[in-house]
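Here the structure is laid out as structure tokens; the discussion comes afterwards.
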Amino acid sequence: MIRKGRPLSNAVNAGRHAAGPRDDDSSDSFDPFESFEAHDRAAGRSLRSASSPQSSSDPSDPSETTYTRSRRAPGEAKPGQDDSKKSQRPARSLKGRALGYLSRREYSRSELARKLKPFVEETDSLDTLLDALESENWLSDSRFAESLIHRRSSRLGANRIVGELKQHAVDQTLVEEASAQLRETELARAQVVWHKKFGQLPETPAERAKQARFLASRGFSGATIGKILKGLDED
């Protein structure tokens, strides 16, 4: 308790001596009227570092570990991946590759030969492989022709389909059989295609020419196109 009229400094000194002997080092002396911030600065401490633990990490400090996310390009190996694992995979044989193609759809002999040619090695014989696939009934130009007709006949005329068969070097006998089969249904198929695209007969020469060009581009014959544009149904 401070008595009235007693100097304040004496009361403070008395309180100091009452607490017992202290170190005479003036750098650690504590003045009750000194601000905490000034006291901390005098003691060599940073107020910011004491109040914010996150500010203690210096981004320029090399000892700090920084984690970043990186993207790998498509097909790029993962970091640390052993390339020897890739080499341990058995190389795909030429026949295995051919069977992979044939398992997805039918191929002609010439088309399959073009697909396999880039993978032929010195020890491979492409013609021998194709002969073996034909003898095992994996490869068939006849089935290829049937598949092509099935996929194209609803949209294309006989001329276009026959032209594709010739491009695939299908046997001439198969081409003639396919042509005869397509000619029988040519008019009916052309009417479906025309009705879906136009639906009404042309009223002007320009419209007639436009419809005729469209049907011709689809591979329908001139006789078939003339019957459709005249409004003639199939007999």
Side-chain angles (χ1 to χ4, degrees), residues 74 92 94-120 125-235:
R92 194 175 187 183
L94 191 64
K95 184 175 183 179
R97 193 177 296 275
L99 293 176
Y101 289 139
L102 293 170
S103 64
R104 291 189 283 272
R105 70 171 178 87
E106 296 289 347
Y107 280 80
S108 67
R109 179 180 176 116
S110 63
E111 184 184 16
L112 185 61
R114 289 194 300 268
K115 295 280 286 186
L116 296 175
K117 190 174 181 180
F119 306 99
V120 176
S125 175
L126 185 56
D127 290 334
T128 302
L129 173 62
L130 296 176
D131 292 339
L133 292 173
E134 286 181 338
S135 63
E136 297 171 3
N137 204 28
W138 285 102
L139 182 63
S140 171
D141 277 358
S142 178
R143 288 201 310 269
F144 169 76
E146 293 178 0
S147 174
L148 183 64
I149 293 172
H150 178 72
R151 289 184 285 115
R152 298 283 199 264
S153 60
S154 62
R155 297 181 294 108
L156 301 178
N159 293 337
R160 281 281 300 272
I161 299 175
V162 169
E164 288 191 33
L165 291 174
K166 291 180 178 180
Q167 288 179 357
H168 287 282
V170 175
D171 185 75
Q172 184 61 28
T173 303
L174 294 175
V175 173
E176 293 176 356
E177 292 177 357
S179 177
Q181 176 184 346
L182 291 168
R183 301 294 179 189
E184 293 178 356
T185 60
E186 176 95 338
L187 182 57
R189 293 183 293 105
Q191 285 176 335
V192 173
V193 173
W194 171 83
H195 189 275
K196 184 177 180 180
K197 178 67 175 180
F198 301 103
Q200 61 182 3
L201 293 174
E203 298 179 356
T204 63
E207 291 180 359
R208 180 182 177 85
K210 179 180 179 181
Q211 294 186 14
R213 285 194 303 269
F214 171 77
L215 293 174
S217 67
R218 290 296 183 96
F220 295 105
S221 65
T224 301
I225 296 172
K227 290 180 180 180
I228 291 178
L229 297 184
K230 288 178 182 179
L232 300 179
D233 294 332
E234 186 176 9
D235 294 338

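Below, all heavy atoms of this structure are taken into account, side chains as well, without hydrogens, waters or symmetry copies.
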Show me the donor-acceptor pairs, under 3.5 Å and distance only, between side chains in residues 210-221 and residues at least two apart or in other chains.
| residue | atom | partner | partner atom | Å |
| --- | --- | --- | --- | --- |
| Q211 | OE1 | W194 | NE1 | 2.8 |
| Q211 | NE2 | Q200 | O | 3.3 |
| S217 | OG | R213 | O | 3.4 |
| S217 | OG | F214 | O | 2.6 |
| R218 | NH1 | R155 | O | 3.1 |
| S221 | OG | T224 | N | 3.3 |
| S221 | OG | T224 | OG1 | 2.9 |

Separation between CG of L165 and CD of E177, rounded to the nearest 0.5 Å | 11.0 Å
Just grab all the side chain to side chain donor-acceptor pair (under 3.5 Å) pairs involving residues 139-148, residues at least two apart or on different chains.
-> E106-R143, N137-R143, S147-R151
Straight-line distance of L126 CG to F119 CZ, nearest 0.5 Å | 12.0 Å
Considering residues at least two apart in sequence or located in another chain, which fulfil the salt bridge (Lys or Arg N to Asp or Glu O under 4.0 Å) criterion with E136?
-> K95
By side chain to side chain donor-acceptor pair (under 3.5 Å), which residues pair with R97, not counting sequence neighbours?
-> none
For V192, all residues meeting side-chain contact (heavy atoms from CB on, under 4.5 Å), sequence neighbours excluded | none
Mind checking side-chain contact (heavy atoms from CB on, under 4.5 Å) for T204 and listing every partner two or more places apart, or none if nothing turns up?
-> A206, E207
Pairs of donor and acceptor atoms involving the side chains of residues 127-135, under 3.5 Å and at least two apart or interchain, shall be tabulated with distances.
| residue | atom | partner | partner atom | Å |
| --- | --- | --- | --- | --- |
| T128 | OG1 | S125 | OG | 2.8 |
| D131 | OD1 | R109 | NH1 | 2.9 |
| D131 | OD1 | R109 | NH2 | 3.0 |
| E134 | OE1 | R109 | NH1 | 2.9 |
| E134 | OE2 | R109 | NH1 | 3.4 |
| S135 | OG | D131 | O | 3.3 |
| S135 | OG | A132 | O | 2.7 |

Which residue pairs satisfy the salt bridge (charged side-chain N to carboxylate O under 4.0 Å, His left out) criterion with at least one member in residues 160-175, sequence neighbours excluded?
-> R152-E164
Closest heavy-atom pair and its distance - V170, V175 | O-CG2, 3.8 Å
Drop me the distance from L99's CG to L139's CG, to the nearest 0.5 angstrom.
-> 10.5 Å
State whether the number of non-hydrogen atoms from other residues, nucleotides or ligands found under 6.0 Å of E203 atom CD is greater than 12.
-> no
Partners of Q167 by side-chain contact (heavy atoms from CB on, under 4.5 Å), sequence neighbours excluded?
-> none
Is there side-chain contact between S153 and T185, with heavy atoms separated by less than 4.5 Å?
-> no
Where is the tightest heavy-atom contact between S154 and V193, given as atom of each residue plus distance?
-> O-CG2, 3.6 Å
Sorted by chain and residue number, the salt bridge (Lys or Arg N to Asp or Glu O under 4.0 Å) partners of R105 (sequence neighbours excluded) come out as E111
Between atom NZ of K227 and atom CD1 of I225, what is the distance when rounded to the nearest 0.5 Å?
-> 12.5 Å
Which distance, rounded to the nearest 0.5 Å, do you find between the OG of S179 and the CD1 of I161?
-> 10.0 Å
Got a sec, which pairs hit ring-ring contact (aromatic ring centres under 6.0 Å, His included) with one end in residues 128-183, sequence neighbours left out?
-> F144-H168
All pairs passing salt bridge (charged side-chain N to carboxylate O under 4.0 Å, His left out) where residues 188-199 contributes a residue, at least two apart = E186-R189
Spacing of I228 atom CD1 and H195 atom NE2 [to the nearest 0.5 Å] = 11.5 Å
